[in-house]
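Before any comments, here is the structure.
A, B, ... follow the sequence lines: proteins, then strands. Residue 1 opens every chain.
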There are 2 protein chains.
Amino acid sequence: MADLNNLLSPFFLNDKEVRKVIELLFFSYRDFTSGPDKILEKLNFGRAHHRVIYFVGKKNHITIKELLGVLQITKQSLSRVLNQLVNEKFIIVSTGFDKRTKKLSLTEKGKKLENELSTIQINKIRGVINEFSEEDINGFKQILYEMIEVDNKKTFQEIND
Amino acid sequence: MADLNNLLSPFFLNDKEVRKVIELLFFSYRDFTSGPDKILEKLNFGRAHHRVIYFVGKKNHITIKELLGVLQITKQSLSRVLNQLVNEKFIIVSTGFDKRTKKLSLTEKGKKLENELSTIQINKIRGVINEFSEEDINGFKQILYEMIEVDNKKTFQEIND
DNA sequence: TAATTAAGTCAATATGGCTGACCTAAATAA
DNA sequence: TTATTTAGGTCAGCCATATTGACTTAATTA
């Protein structure tokens, strides 16, 4: 009977309940980014710098084009932020096999910052999901994944090859 | 034995897996806000306007101070956005019982826009969670809630009285 | 009456996006 | 081989959203 109920009409949240989810996303995402924001501020960096550092750390030798695909900003926007990171020696650039391309890597200084920023978010997530079951955590990840648009799901898969 | 395993050592995600969660949050939040962003653009509004409209819609007669508490921005930042919304007749202002305070409300025009924006996000969430069990959805909400800082949990509770 | 509170305003600054126009060098297709 | 496409860069200007600091007004509360 319990299964039947679920088969015939999936669990339904009314508008009021769905709005709570909207708010949970807003509040949780803001607090999720606030930790790194404080560290970045001291370096006169912003969240844009964090994203670049994160994804260069994620995929060593990532090209400008790939990075633009992940971040979905214009190259002019990326350029300003990336040049700062290169000038301040958080990132080094080398030439690819295809000599038109450039490969980005974190320097030791960059790795140190990446680690500092990511550790905050990793610990935050770990602290939270520690209290939940494997099923809850898998459900959480799956729901977030399904909220991503099709094209960006591909991007997510690609950076996790 | 299965329970014992869970009791002794809770389900553990290694750094690589937690990093996937970081990315899922980044991608999903970006796509979550992209729908409304397109509509707002036509009106020469941004996400800041959306937030104001959302929370005024959520709590009719909200005061400036309360709104500042929810949004956590400076009153100078709020002022610019709010004045635009008032000038363009999406929001009306009245005086509170305490005559120092102001009470904000959506006009019919404001309600229409609020509905248009929220419907996109409500449908998106509903479309996703439709595929999941009640347990998964509750887990999802609880995990998001636990990611919120203590003080902001209070704010979340307050706006949902 | 004095202090506090809610709200507003002026000015300057920083960040992070955008568009448009234009350029170079390298790879690839005709 | 020439033409086209691709990867990347750059200059200029614009807009949105946030900040800090200083100051004001009016109303409430101590």
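Counting to the nearest Å, the P atom of D:dA16 and the CD1 atom of A:Ile73 are 19 Å from each other. We find that NZ of B:Lys65 is positioned 14 Å from P of C:dG8, with the value rounded to whole Å. Put simply, CG on B:Leu71 is 10 Å from P on D:dT19, counting in whole angstrom units. Between the P atom of D:dT17 and the CZ atom of B:Arg51 lies a distance of 9 Å, rounded to the nearest Å. Across the protein-nucleic acid pair, B:Leu85 atom CG and D:dA16 atom P stand 13 Å apart, rounded to whole Å. The interatomic distance linking A:Asn83 (CG) with D:dC11 (C1') rounds to 13 Å, in whole Å. Atom CZ in B:Arg80 sits about 6 Å away from atom C1' in D:dA16, given to the nearest Å. In this entry the distance linking NE2 of A:His49 with P of C:dT15 reads 7 Å, nearest Å.
In this model, no donor atom of one side chain and acceptor atom of the other lie less than 3.5 Å apart for A:Asn160 and B:Lys16.
Between A:Ser79 and D:dG9 there is no side-chain polar atom (N or O) within less than 4.0 angstrom of OP1 or OP2. OP1 or OP2 of C:dC18 lies within a sub-4.0 Å distance of a side-chain N or O belonging to A:Thr74.
The residue among B:Gln76 and B:Gln84 whose nearest nucleotide of DNA chain D lies closer to the 5′ end is B:Gln84. Annotation: of the two residues near DNA chain C, A:Gln72 and A:Asn44, the 5′-most nearest-nucleotide partner is A:Asn44. For the pair A:Lys102 and B:Phe45, nearest-nucleotide mapping onto DNA chain D gives the more 5' position to A:Lys102.
Under a 4.0 Å N-O distance rule, the pair A:Glu17/B:Lys141 qualifies as a salt bridge. Comment: B:Lys59 does not engage B:Glu158 in a salt bridge, judged by the lack of any side-chain N to carboxylate O separation of less than 4.0 angstrom. The existence of a salt bridge linking A:Lys38 and A:Glu41 is excluded, since no basic side-chain nitrogen approaches an acidic carboxylate oxygen closer than 4.0 Å.
Proximity of a side-chain donor or acceptor of B:Thr107 to a complementary backbone N or O of B:Phe90 within less than 3.5 Å is detected.
B:Tyr29 and A:Tyr29 have parallel rings, their planes meeting at less than 30° on a 0 to 90° scale where 60° marks the start of perpendicular.
Evaluation of atom-type donor-acceptor distances gives a pair under 3.5 Å for the side chain of A:Lys75 against the base of D:dG8.
Among C:dA7, C:dT9, D:dG8, the nucleotide with an atom closest to any side-chain atom of A:Ile64 is D:dG8.
In this structure, A:Tyr54 has no ring-ring contact (aromatic ring centres under 6.0 Å, His included) partners at least two apart in sequence or on a different chain.
Among the atoms of the strands shown, only primed sugar atoms or phosphate atoms (P, OP1, OP2) are found under 4.0 Å from some heavy atom of B:Arg47. Using a 4.0 Å heavy-atom cutoff across all strands shown, A:Thr101 reaches sugar-phosphate atoms only and no base atom.
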Give every pair of a protein N or O atom and an N or O atom of nucleotides 27-30 of chain C that lie under 3.5 Å apart, one pair per line with the distance.
| residue | atom | partner | partner atom | Å |
| --- | --- | --- | --- | --- |
| C:dA27 | OP1 | A:Lys99 | N | 3.2 |
| C:dA27 | O4' | A:Arg100 | NE | 3.4 |

